There are 2 protein chains.
Amino acid sequence: MSLDPIARIRRFNRAVTAQTGALDHSFLGRGRPLGLARTLHAISHFGQDVATIRAALDLDKAVLSRNLKALQAEGLVELAADPADARRKQARLTPAGLAEVAAYDALSDDQAQTLLNRHPRPDALLAAMDLVASALTVDRVDIVAHDPRGDLARHCLSEYYAELARRFDQGFDVTLSRDPDAAAMTHPHGTFLIALSDGLPLGCVGLKGGTDYAEIKRLWVAPAARRLGLSRRLMDAAEAAARTLGITLLRLDTNSALPEAVALYQTTGWTRINRYNDDPYPDVFFEKQLK
Amino acid sequence: MSLDPIARIRRFNRAVTAQTGALDHSFLGRGRPLGLARTLHAISHFGQDVATIRAALDLDKAVLSRNLKALQAEGLVELAADPADARRKQARLTPAGLAEVAAYDALSDDQAQTLLNRHPRPDALLAAMDLVASALTVDRVDIVAHDPRGDLARHCLSEYYAELARRFDQGFDVTLSRDPDAAAMTHPHGTFLIALSDGLPLGCVGLKGGTDYAEIKRLWVAPAARRLGLSRRLMDAAEAAARTLGITLLRLDTNSALPEAVALYQTTGWTRINRYNDDPYPDVFFEKQLK
DNA sequence: CATGATCGTTGACTTAGGTCAACCAATTCC
DNA sequence: GGAATTGGTTGACCTAAGTCAACGATCATG
């Protein structure tokens, strides 16, 4: 559309605030003020530490104290002193509290499911939501170390493999490639980093330890989050991890069918080198000396 | 992504509520309570009729009455009795009020512009926002008659022509086609209908009057709003308009490169007929008898 | 062990926002 | 022309939510 972009964004804002005034007002519909519902939700989402909850909700301590007291009176929450520091408190959900949280989630999930069900192209809708959400939250993406065999990592890797299969003329079969041993990508040999936006994985990179050099493997960014600087952040974090592990030489292999990757390495201090392995897929090789 | 769709929608909701808690809180930042800012905005957006404003904001009449009084005291609004019905009132923005609305808009537009500026693919972001907004507001799309020479219509038509140019192997040049005279698509000969979602045009259709038969022309639906049933609603509205104009025979031409259009006509009571004009572009022709 | 900082609690207060009923004035209906 | 209806105003009242200051209880530090 050639319409005024600002007008389109305004319409988007009105649409989502009108609707998430319904989606989020799953927070209503259970006869409890919004503040209490949010507090309840925060306990199940951010854990039991009262100070953490307060920071997450950005609430005044007097307000949170009263909210917790009200939830306690309802029998949804148990309050106990932190065993390590008796000034601090911990809020734990009772079984009734857990049930209440589940009921809220069900309300909100039903609305989400309805939206998906009535849409002709749910995949396109979800992809669009991912793109918008990523644009809004780029600056709140965390890069965290994660087990390369965990669910999040497996999701990233399977997306990565699927993308290679699409981009390589000859396809991609991971069993033909030098699949790095997961143990080599865990402490103390290496690491596996995931870019997490509000719990959803948007990208990953592996640092595989070795004797003469370490390798960067499996750099991937979700389509919805591309060109937002995530790959650079992932690479920086991987390099930092390598330094703290005492690694001094990094290598990586890639493919000329992935020009954005090649361009990234060329502009971030990597130097082209000759082939250093016999993996059938890569045709471009880089090295970086860590000072 | 193969992740849980519900989790993705949850993330989307959190992202937009956290952010439009910033986008919409352009409503804040001018030292006025949200209610007054919303009222002010509604006057400029929905016109001066107090009852209309109340319906649009879904406000209690006592609340709106007080809000208007406060805005009047600030010198932003003038209240006057409706000349046609002295029980009703009208709220008009003073120059100061207009300036205040402009200031709010500028705040919100700046945030939108920032979002666009820092995004690597603004077109993709806008398209995604359109898709999401359309999915959320399908049931609030109005079909309204509109001047085929107006801005909204011109936007729809240029998108329509651009789409034909993409879809036809030989391209599309409107000057080679039988471009319907705009007058034939206005009352009392015919009509031109636009599907409007919160002011943004998502589709159109023209009803072109004639002596022996009327023609359906220029049926178009925006990519972001396809397969949501809009084309059927547009066609139904065009047919209804034809009936009230006393038209008994409808014809249309289309192209086999537009299979979804052909399918629509085949399933909504149209019958294939032979070519009835010498336009170079169409190769499929339909007719419908209105009883 | 004394001092100061930290954490949560409590009471007093404020603001935004909304409900409800009574009311007046204008209009519509019979 | 009188009765009923409608649109807006006003006062009394309520809840959610947040601010502020004072205050124990606890912990960290010199």
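Within every chain, numbering begins at 1; the chains are lettered A, B, ... in the order of the sequence lines, protein sequences first and strands thereafter. No hydrogens, no waters, no symmetry mates; every other heavy atom, side chains included, goes into these values. Note that this is a predicted model, so its numbers are computed, not measured.
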Chemist: Applying side chain to side chain contact (heavy atoms under 4.5 Å, CB included), name anything that partners A/T94, two or more places apart in sequence or on another chain.
Modeler: A/E78, A/A96

Chemist: Any side-chain heavy atom of B/L202 within less than 4.5 Å of one from B/L196?
Modeler: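 No, their side chains stay 4.5 Å or more apart.
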
Chemist: Closer than 3.5 angstrom, by distance alone: can the side chain of A/R233 be matched with the main-chain N or O of A/V141 as a donor-acceptor pair?
Modeler: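 Yes: the side chain of A/R233 pairs with the backbone of A/V141.
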
Chemist: How many Å lie between CZ on A/R88 and C1' on C/dT6, as a whole number?
Modeler: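 That distance rounds to 9 Å.
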
Chemist: Return the residues of residues 47-67 of chain B meeting this criterion: a heavy atom under 4.0 Å from some atom of DNA chain D. Order them by number, or give none.
Modeler: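 Nucleic-acid contacts, sorted: B/V50, B/A51, B/R54, B/K61, B/A62, B/S65, B/R66.
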
Chemist: What is the distance from CG of A/D85 to C1' of C/dG8, rounded to the nearest Å?
Modeler: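 Going from CG in A/D85 over to C1' in C/dG8 covers 11 Å.
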
Chemist: Which pairs count as side-chain hydrogen bond (donor to acceptor under 3.5 Å, both in side chains) when at least one residue sits in residues 54-68 of chain A, sequence neighbours excluded?
Modeler: A/T39-A/N67

Chemist: Among D/dT5, D/dC27, C/dA16, which nucleotide sits nearest the side chain of B/P33?
Modeler: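 Of the options given, the side chain of B/P33 lies nearest C/dA16.
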
Chemist: Just so I know, are the side chains of A/R149 and A/T186 near enough to count as touching, which here means a heavy-atom distance under 4.5 Å?
Modeler: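 Yes. Closest side-chain heavy atoms under 4.5 Å.
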
Chemist: Starting from P on D/dT26, measure out to CZ on A/R87 and report it in whole angstrom.
Modeler: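 The answer, rounded to whole Å, is 11 Å.
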
Chemist: According to a strict under-4.0 Å criterion, is A/K89 in side-chain N/O contact with OP1 or OP2 of C/dT9?
Modeler: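 Result: yes.
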
Chemist: In whole angstroms, how far is the P atom of C/dT27 from the CG atom of B/D82?
Modeler: 9 Å

Chemist: So which one's nearest nucleotide on DNA chain C is more toward 5', A/K69 or B/L36?
Modeler: A/K69

Chemist: Determine, step by step, whether B/R154 and B/D151 satisfy the salt bridge (Lys or Arg N to Asp or Glu O under 4.0 Å) criterion, reporting the C-alpha distance in whole Å, the side-chain angles of both residues, the deciding distance to 0.1 Å, and the verdict.
Modeler: CA-CA 5 Å; B/R154 284 218 312 278; B/D151 282 347; 3.4 Å; yes

Chemist: What's the CG-C1' distance between B/L71 and C/dG17, to the nearest Å?
Modeler: 15 Å

